[in-house]
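Everything below concerns the one structure shown next.
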Amino acid sequence: MAHPTVPTLAAHGAEIPVIGFGTGMLTGSVGEIVAAALRAGYRHLDAARKYGTEEGVGEGIRAAKIPRGELFITTKVSHENLRPADFARSVDTSLKALGVDHVDLLLVHWPNPQVPLGDTMGALARAKRQGLARHVGVANFNIALLDAAIRLCPEPLVNLQVEYHPYLDQTKMLEACRRRGLIMTAYCPLGRGRLIDDPVIGEIASRARKTAAQVALRWLIQHGNVAPIPRSSNPRRIAENFDVFDFSLSDDEMKRIAALCRADGRIADPAGRAPAWD
């Protein structure tokens with residue numbers, strides 16, 4: 001079965017597929033689910049040590065028999081492991097779990113004010129210089145932390161991963177990424193299912209003969225430097241979520257969806273770990 005060639009987004013030498021497959025909170029036969037995503041056409045896989053899915057991602061890659069050179073694999077180092085020695089051990093553990101000798105993108109998963117950011121950025125750059133990661137970035141940083149990370153990291157950051165969907169206004173973060181030449185990866189792009197029954201999205205989806213999820217993902221992609229990473233364990237929905245390249249949203253539809261943002265739209269906001277959001 002032929003799949004559309006996935007467009008990529010460029011930043012400081014990185015080429016990131018504009019849609020990826022998220023594995024956070026996946027349960028069950030993760031290997032089979034990841035293999036189904038790869039067979040549906042995904043080539044960008046998002047994992048993390050904290051998710052407990054790296055072994056399953058590795059199993060899925062081997063089962064689908066996709067050449068390593070065609071894949072863009074992301075993983076993350078958790079906030080408990082940001083001191084340099086812990087960081088290095090976490091990266092080694094992730095690579096063994098994934099069954100690869102390097103990842104394409106290595107991220108700091110959450111900031112940790114108990115660990116000097118310069119130490120963490122040094123460890124992140126070291127992983128890249130050792131060939132364990134082709135590119136590096138951060139997740140769940142606010143603008144001040146992002147700027148500090150850029151200043152302190154000896155290697156260029158290419159990516160910021162944050163929660164982003166129509167119910168959460170990320171205009172400031174999106175513009176910050178654009179000004180700094182970074183790609184934004186959008187996790188929870190469907191608001192963990194909360195968007196699916198939205199009447200505005202449903203109306204637009206009906207007119208386009210697409211699902212609400214497809215419309216929400218297309219909305220993110222049309223921002224121009226955003227790569228959503230939807231997650232599903234249902235093979236039909238996995239394939240549907242990838243099928244977002246044969247239609248586009250009008251300027252009016254983009255604005256109507258943007259207007260859905262709400263004050264309580266944020267989902268991922270762990271106490272004691274989340275920064276002061278912009």
Side-chain angles (χ1 to χ4, degrees), residues 3-4 6-9 16-26 37 40-42 44 46 139-140 142-143 159-179 182-270 274 277-278:
H3 302 291
V6 180
T8 58
L9 301 171
I16 303 180
V18 76
I19 192 166
F21 185 70
T23 65
M25 299 177 69
L26 272 186
Y42 294 86
H44 172 184
D46 184 85
N140 299 301
N142 61 19
I143 295 172
N159 182 251
L160 172 68
Q161 183 172 136
V162 290
E163 178 184 345
Y164 192 19
H165 48 77
Y167 285 174
L168 179 62
D169 182 7
Q170 287 285 32
T171 305
K172 290 180 181 178
M173 296 307 301
L174 187 59
E175 185 55 34
C177 285
R178 286 175 177 150
R179 289 198 306 268
L182 304 185
I183 296 160
M184 178 187 281
T185 299
Y187 71 78
C188 290
L190 305 177
R192 290 191 187 156
R194 299 177 194 183
L195 299 165
I196 302 306
D197 294 323
D198 186 275
V200 172
I201 294 176
E203 177 200 324
I204 294 169
S206 178
R207 190 159 52 244
R209 296 186 178 179
K210 289 289 182 177
T211 68
Q214 287 169 325
V215 167
L217 294 169
R218 184 70 203 179
W219 179 78
L220 289 166
I221 288 170
Q222 281 189 215
H223 282 81
N225 68 320
V226 179
I229 48 170
R231 180 198 74 234
S232 178
S233 58
N234 181 302
R236 179 177 59 81
R237 291 198 194 99
I238 289 170
E240 284 177 350
N241 290 345
F242 183 77
D243 184 20
V244 292
F245 300 105
D246 61 350
F247 77 108
S248 61
L249 301 173
S250 68
D251 289 346
D252 179 66
E253 288 169 334
M254 291 289 290
K255 290 174 184 174
R256 289 181 67 202
I257 295 171
L260 297 174
C261 66
R262 46 178 76 169
D264 63 349
R266 189 178 297 278
I267 296 167
D269 194 21
W277 302 110
D278 291 292

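Checking side-chain atoms of Ser250 against main-chain N and O of Glu253 turns up a donor-acceptor pair under 3.5 Å. At distances below 3.5 Å, at least one donor-acceptor pair connects side-chain atoms of Gln170 with backbone N or O atoms of Glu163. Although no hydrogens or angles enter the test, the distance criterion places no donor-acceptor pair under 3.5 Å between the side chain of Asp278 and the main chain of Lys172. Although no hydrogens or angles enter the test, the distance criterion places no donor-acceptor pair under 3.5 Å between the side chain of Arg262 and the main chain of Tyr167. Side-chain atoms of Gln214 never come within 3.5 Å of backbone atoms of Ala205 as a donor-acceptor pair (strictly under, hydrogens ignored). In this structure, Arg218 contributes its side chain and Leu249 its backbone to no donor-acceptor pair below 3.5 Å.
Contact record, Arg194 with Ile267: NH1-CG1, 3.5 Å, taken as the closest heavy-atom pair. Nearest heavy atom pair, residue Pro189 against residue Pro166, reads O-CD, 4.2 Å. The minimum heavy-atom distance between Asn241 and Ala213, with the atom names listed, is OD1-CB, 3.6 Å. Contact detail for Pro228 and Val18: the closest heavy-atom pair is CD-O, 3.1 Å.
Rounding to the nearest 0.5 angstrom, the gap separating the CD1 atom in Ile229 from the SG atom in Cys188 is 8.5 Å. Taking CG of Asp169 as the reference point, atom CH2 of Trp277 lies at 14.0 Å (rounded to 0.5 Å). For the atom pair CZ (Arg231) and CZ (Phe21), the distance works out to 8.5 Å, reported to the nearest 0.5 Å. Once rounded to the nearest 0.5 Å, the distance linking CG of Leu174 with CZ of Arg179 reads 10.5 Å. Distance check: Leu190 CG to Arg192 CZ gives 11.5 Å after rounding to the nearest 0.5 Å. A distance of 13.5 Å separates CG in Asp251 from CZ in Arg256, rounded to the nearest 0.5 Å.
A 4.5 Å side-chain heavy-atom check between Pro230 and Ile19 finds at least one atom pair inside the cut-off. Contact annotation: the side chain of His165 approaches that of Leu168 to within less than 4.5 Å [non-hydrogen atoms, C-beta and beyond]. Under the 4.5 Å side-chain criterion, counting only non-hydrogen atoms from C-beta, Tyr187 is not in contact with Asp46. Taking the side chain as every heavy atom from C-beta outward, Lys210 and Asp243 approach each other to under 4.5 Å. The side-chain heavy atoms of Ile143 and Met173, taken from C-beta on, include a pair separated by under 4.5 Å.
No hydrogens or angles considered: nothing links the side chains of Ser232 and Asn234 as a donor-acceptor pair under 3.5 Å.
For Arg237, the CZ atom sits in a loose shell: 12 or fewer heavy atoms of surrounding residues, nucleotides or ligands are nearer than 6.0 Å. With a 6.0 Å radius and a threshold of 12 heavy atoms from other residues, nucleotides or ligands, Asp197 has its CG atom at or below the threshold. Atom CG of Asp264 has more than 12 heavy atoms from other residues, nucleotides or ligands within 6.0 Å.
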Working for salt bridge (Lys or Arg N to Asp or Glu O under 4.0 Å), residues Arg209 and Asp246: CA-CA 11 Å; Arg209 296 186 178 179; Asp246 61 350; over 6 Å; no
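Classification of the Tyr42-Phe242 ring pair by plane angle, with boundaries at 30° and 60°, yields tilted.
Sorted by first then second residue, the ring pair (Phe, Tyr, Trp, His ring centres under 6.0 Å) pairs that include residues 203-224, not counting sequence neighbours, are Tyr164-Trp219, Tyr164-His223, Trp219-His223.
For the side-chain contact (heavy atoms from CB on, under 4.5 Å) test with Ile16, the passing option among Val6, Ile183, Asn225, Thr8 is Ile183; the others fail.
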